[in-house]
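Notes follow once the structure below has been shown.
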Amino acid sequence: MNLSKFPRRGYVKEATPLEFLPAFSKALGGKVNVWIKRDDLLPGTSGGNKTRKLDFAIADALAKGADTIITCGAVQSNHCRLTLAWSVKEGLDCHLILEERVAGSYNPDASGNNFLFRLLGVKSTTVVPGGSPMMQEMEKLAEKLRAEGRKPYIIPGGASNAIGALGYVQCTQEIMQQMFDRGLDFDHMVVPSGSAGTHAGVLLGMLGCNMNIPVTGIGVNRKKPVQEEAVYSLMQETAVLLGVPTPLPREAVVAYDDYVGPGYSLPTTAMVEAVRLLASTESILLDPVYSGKAMSGLIDLVRKGHFAAGSNVLFLHTGGSPALYAYLDEFRQ
């Protein structure tokens with residue numbers, strides 16, 4: 001798949017590490033070898049997977065003459081943090097629409113990403129109730145800014161459109177090269193599945209490169225049928241953009257909804273255990289919303305014998321550790 005025909009900004013300078021987790025694997029019984037793809041170490045303020053997507057999305061914005069970026073996310077959105085961070089680096093204004101998905105959860109004085117929004121100099125923050133039509137809210141702001149003479153560009157939540165998903169097609173190609181260089185072979189890959197762009201891009205990369213590695217998504221927000229359809233739809237759309245023959249196999253899309261708990265961003269006991277376990281065995285920080293819940297899913301699947309004994313399982317770490325500091329009470333209990 002030829003990604004070179006799409007403009008990008010070059011935010012990803014080198015491959016992120018693939019690390020074996022020996023102590024973590026031992027803590028899970030030693031029957032499965034768990035590896036981790038460290039996209040938490042990507043460039044950008046405190047790192048995270050959205051840098052790969054924004055590499056393409058902001059390049060598209062600049063190619064279209066934008067001077068202002070508008071995006072959206074939850075009140076502790078990692079995507080909003082990184083979109084703002086890269087906008088600052090590019091000299092672009094950035095406006096955020098924050099969705100209060102849990103009533104009463106927005107606190108202008110909160111720590112975590114909410115603090116970083118202010119530190120980085122966000123141009124405006126608009127908080128809307130959970131369930132609001134986010135694209136309409138962003139379009140409304142864009143119209144206002146156009147009337148003021150600005151040239152806004154809207155990046156959807158998670159940068160999860162076909163342009164953004166290219167970043168994770170590229171990531172899969174990167175993994176394939178790392179496997180070749182190091183003589184590695186993975187039997188399975190586990191990824192967080194939220195706004196769908198990361199999951200769709202990884203799976204399209206696996207299918208398009210004929211890597212034959214099953215990908216399991218651990219959902220963090222939606223029910224299984226809805227999430228799988230969102231991933232499949234975006235994967236198809238990205239395939240068309242890349243010129244990959246469609247339709248792609250629908251059965252390749254797997255996204256469990258067992259680990260969401262009471263709702264998006266709401267902590268679970270299993271998430272807390274996963275964050276504690278990886279920190280205490282490998283000194284790697286997860287986040288409480290995406291990578292923490294996804295790792296709780298991997299842990300449960302290992303304990304249930306979902307992966308064959310001796311399997312090499314690769315976990316995609318999408319970053320987000322700044323959000324931990326907004327959840328201190330959950331980890332002090």
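Because its NZ or CZ atom is not both nearer than 6.0 Å to the ring centre of Tyr11 and within 45° of the ring axis, Lys50 does not count as a cation-pi partner of that residue.
By the 4.0 Å N-to-carboxylate-O rule, Lys37 lies too far from Glu19 to be salt-bridged with it. Residues Asp67 and Arg150 are paired through a salt bridge, judged by an N-O separation under 4.0 Å between the basic side chain and the carboxylate. Comment: Lys140 does not engage Glu143 in a salt bridge, judged by the lack of any side-chain N to carboxylate O separation of less than 4.0 angstrom. Using a 4.0 Å cut-off between charged nitrogen and carboxylate oxygen, Arg52 and Glu174 count as a salt-bridge pair.
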**Request:** Decide side-chain hydrogen bond (donor to acceptor under 3.5 Å, both in side chains) for His188 and Ser311; before the verdict, give the C-alpha distance in whole Å, the side-chain angles of both, and the deciding distance to 0.1 Å.
**Result:** CA-CA 8 Å; His188 213 102; Ser311 293; over 6 Å; no
**Item:** Steps toward salt bridge (charged side-chain N to carboxylate O under 4.0 Å, His left out) verdict (Arg303, Glu273)
**Value:** CA-CA 14 Å; Arg303 288 172 174 166; Glu273 182 204 6; 2.7 Å; yes
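Hydrophobic clustering places Leu286 together with Phe331 (ILVMFWY residues linked when any side-chain heavy atoms are closer than 4.5 Å, directly or through intermediates).
Around the CD atom of Glu14, the shell of radius 6.0 Å holds no more than 12 heavy atoms that belong to other residues, nucleotides or ligands.
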Contacts table for residues 232-255: side-chain donor-acceptor under 3.5 angstrom, sequence neighbours left out:
from: Tyr232; atom 1: OH; to: Leu248; atom 2: O; distance (Å): 2.7
from: Gln236; atom 1: OE1; to: Leu248; atom 2: N; distance (Å): 2.8
from: Thr238; atom 1: OG1; to: Leu234; atom 2: O; distance (Å): 2.8

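Lys53 approaches Gly164 most closely through the heavy-atom pair CG-O, 3.2 Å.
Checked against a 6.0 Å centroid threshold, the rings of Trp35 and Phe186 count as neighbours.
Looking at Leu54 and Arg9, their side chains never come closer than 4.5 Å, going by heavy atoms from C-beta outward.
Checked by atom type and distance alone, the side chain of Asn113 pairs as donor or acceptor with a backbone atom of Gln76 at under 3.5 Å. Of the possible donor and acceptor atoms, one in the side chain of Glu282 sits under 3.5 Å from a partner among the backbone N and O of Phe24.
Side chains of Asn49 and Thr198: a donor-acceptor N/O pair is present below 3.5 angstrom, by distance only.
Residue Ile69 is tested with Thr83, Leu62, Asp93, Leu96 for a side chain to side chain contact (heavy atoms under 4.5 Å, CB included); the sole match is Thr83.
Phe315 and His317 have tilted rings, their planes meeting at an angle from 30° to 60° on a 0 to 90° scale.
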